[in-house]
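Worksheet: the structure to be examined is printed underneath.
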Amino acid sequence: MNAPVVIVGTGLAGYNLAREFRKLDGETPLLLITADDGRSYSKPMLSTGFGKNKDADGLSMAEPGAMAEQLKAEVRTHTRISGIDPGHKRLWIGEEAVIYRDLILAWGAETVRVTIEGDAADAVFPINDLEDYARFRAAAAGKRRVLLLGAGLIGCEFANDLILGGYEVQLVAPCEQVMPTLLHPAAAAAVQAGLESLGARFHLGPVLNRLQRVADGLEAHLSDGQVIPCDVVVSAIGLRPRIDLAAAAGLQVNRGVVVDRHLKTSHANIYALGDCAEVDGLNLLYVMPLMSCARALAQTLAGNPATVSYGPMPITVKTPVCPLVVSPPPRGTEGVWTVEGQGADIKVLCRDSAGKLLGYALTGAAVMEKLALNKELPALLA
Ligand SMILES: Cc1cc2nc3c(=O)[nH]c(=O)nc-3n(C[C@H](O)[C@H](O)[C@H](O)COP(=O)(O)OP(=O)(O)OC[C@H]3O[C@@H](n4cnc5c(N)ncnc54)[C@H](O)[C@@H]3O)c2cc1C
């Protein structure tokens, strides 16, 4: 048999690439390998489970067997790649070698973890895939008080959703505002106020040092001396592209696995896309860029070399209490911010010296202006 096209990862990147490839090539053997259970699901929906009244099983869209059939592929679940040998076009699963025609890394990003002292560190739940979510839901069942570590996009989305699920939520993060790397302070204040209006309590500045079991739950000791009683802790303190196996194989890595506009790594026949990939210097942990990459890479794998380009890619943040759409200015651009509006309805625009729109953040009712503004936005990767 011909060596298969091998995709590592069955997240949105892996499965969408497989789907796009199958539209163009129905014959080449296709093998997908994943460390998780291989169910098809949309990761963005993890932070909407309570609002949509869906648990982990409810968020699953298809079993791996059904995906295998649909994609005319083999899907190996709970199987972790342990190494790549680019010189021999093979990869390792422990002692087992798998030969590939082309290898595609779609193995995502991992949650940043910090060491926490105390006897309850096992009560901290990162949520970065469906299995994580199932574990968290099992641990949170019947509980009331959730402490959330991190006030980034994912932390804020979980805060809103957990409150919709009836939980009391407190957030701890060492930054001065919510979504510090993404959002203008005026828009951040509107989102924070929205979440506070639902009852969320923010502790911005300190970090969690120690987590201890007490008679009726847990006690979280913060670096500023505060002690917060809670029942379960969710960690949403950031994601880091998985690069270790690629680096060990001699592939060029930076923040992510370095690829060019063809999604090709520094080695022949090895490609990367999705959260793990740094495409022409850009590592964007969102769905829109990975869909563009999947379409372009499918063409290349089917024999029609294609490059990827990104148009404007505004990010819709799922905090229903205070709707938010944000489009950060492209890298290397300089602009001046203006703030309009008040309360929950904030419009902040970033324009260059010629008046051209570079980016924006819209909250509350101002979100309605996004379509008009999107037409003015620059492409992220022209
Ligand atoms: C809560 C949450 C909400 C989000 N909301 C949004 C949103 O609203 N909009 C948006 O655009 N983006 C959102 N994102 C980001 C978006 O979900 C990700 O960008 C996208 O899902 C990444 O897909 P991926 O396939 O690259 O990675 P992943 O989905 O992480 O898939 C990685 C795959 O690789 C496998 N794997 C890893 N290591 C190995 C190994 N060694 N061997 C074998 N398999 C391995 C894993 O098991 C998994 O199958 C959100 C993310 C989260 C966590």
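In each ligand, atom 1 is the first atom listed, and ligand 1 is the first ligand listed.
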Original post:
Considering only the protein, which heavy-atom contact is closest to atom 42 (N) of ligand 1, and what is its distance?
Top reply: Ile81 N, 2.8 Å

Subject >> Members sharing Leu349's hydrophobic cluster (side chains within less than 4.5 Å) >> reply: Val325, Leu357, Tyr360, Leu362, Val367, Leu373, Leu377

Original post:
At under 4.0 Å between heavy atoms, which part of Ser42 makes contact with ligand 1: side chain, backbone, both or neither?
Top reply: neither

Subject >> Where ligand 1 meets Phe158 - atom numbers and elements under 4.0 angstrom, heavy-atom basis >> reply: 1 (C)

Original post:
So how far is it from Glu117 CD to Arg210 CZ, rounded to the nearest 0.5 Å?
Top reply: 7.0 Å

Subject >> Sidechain-backbone polar pair: Lys143 side chain, Ala139 backbone, donor-acceptor under 3.5 Å >> reply: yes

Original post:
Which atoms of ligand 1 are found less than 4.0 Å from any heavy atom of Gly11?
Top reply: 25 (O), 29 (O), 31 (O), 49 (O)

Subject >> Hphob cluster co-occupancy, Ile104 + Leu31, side-chain heavy atoms under 4.5 angstrom >> reply: no

**OP:** Just need the protein heavy atom nearest to atom 23 (O) of ligand 1, so name the residue and atom and give the distance.
**Re:** Leu290 CD2, 3.6 Å

Subject >> Nearest protein heavy atom with distance in Å, relative to atom 48 (C) of ligand 1 >> reply: Asp36 OD2, 3.5 Å

Subject >> Any donor-acceptor N or O pair under 3.5 Å, side chains Ser47, Glu157 >> reply: yes

Subject >> Distance filter under 4.0 Å to Thr79 heavy atoms, resulting ligand 1 atoms >> reply: 42 (N), 43 (C)

Subject >> Arg19 side, atom CZ; Leu12 side, atom CG - distance, nearest 0.5 Å >> reply: 8.5 Å

Original post:
Which of the atoms in ligand 1, numbered in the order shown and given with their element, are less than 4.0 Å from a heavy-atom of Val8?
Top reply: 42 (N), 43 (C), 44 (N)

Original post:
Using heavy atoms and a threshold below 4.0 Å, how should the contact between Ile154 and ligand 1 be classified: side chain, backbone, both, or neither?
Top reply: side chain

Original post:
For Lys264, does its backbone N or O pair with a side-chain atom of His262 as donor and acceptor, under 3.5 Å?
Top reply: no

**OP:** Identify, for atom 27 (O) of ligand 1, the protein heavy atom at the shortest distance, and state residue, atom and that distance.
**Re:** Gly108 CA, 3.5 Å

**OP:** May I ask you to say whether Asp57 pairs ionically with Arg39, meaning some side-chain N is under 4.0 Å from a carboxylate O?
**Re:** yes

Original post:
Please state which protein non-hydrogen atom is closest to atom 4 (C) of ligand 1 and give its distance, to 0.1 Å?
Top reply: Pro44 CA, 3.5 Å

Original post:
Where is the nearest protein heavy atom to atom 8 (O) of ligand 1: which residue, which atom, and how far?
Top reply: Lys318 NZ, 2.5 Å

For a quick test of your reading: what N or O donor-acceptor pairs under 3.5 Å do the side chains of residues 118-134 make, sequence neighbours left out?
from: Asp119; atom 1: OD1; to: Arg213; atom 2: N; distance (Å): 2.8
from: Asp122; atom 1: OD1; to: Arg213; atom 2: NH2; distance (Å): 2.5
from: Asp122; atom 1: OD2; to: Arg213; atom 2: NH2; distance (Å): 3.1
from: Asn128; atom 1: OD1; to: Lys43; atom 2: NZ; distance (Å): 2.8
from: Asn128; atom 1: ND2; to: Ala109; atom 2: O; distance (Å): 2.8
from: Asp129; atom 1: OD1; to: Glu131; atom 2: N; distance (Å): 3.1
from: Asp129; atom 1: OD1; to: Asp132; atom 2: N; distance (Å): 2.8
from: Glu131; atom 1: OE2; to: His78; atom 2: NE2; distance (Å): 3.0
from: Asp132; atom 1: OD1; to: Arg135; atom 2: NH2; distance (Å): 2.8
from: Asp132; atom 1: OD2; to: Asn128; atom 2: N; distance (Å): 2.7
from: Asp132; atom 1: OD2; to: Asp129; atom 2: N; distance (Å): 3.3
from: Tyr133; atom 1: OH; to: Arg137; atom 2: NH1; distance (Å): 2.8

Original post:
Atom OG in Ser40, atom CG in Leu59: separation rounded to 0.5 Å?
Top reply: 11.5 Å

Original post:
Nearest to atom 16 (C) of ligand 1, what protein heavy atom do you find, and at what distance?
Top reply: Val287 CG2, 4.0 Å

Original post:
Looking only at protein heavy atoms, which one is nearest to atom 19 (O) of ligand 1, and how far off is it?
Top reply: Asp275 OD1, 2.7 Å

Original post:
ligand 1 versus Leu153, non-hydrogen atoms closer than 4.0 Å: side chain, backbone, both, neither?
Top reply: neither

Original post:
Is there at least one pair of N or O atoms, one from Ser47 and one from ligand 1, spaced under 3.5 Å apart?
Top reply: no

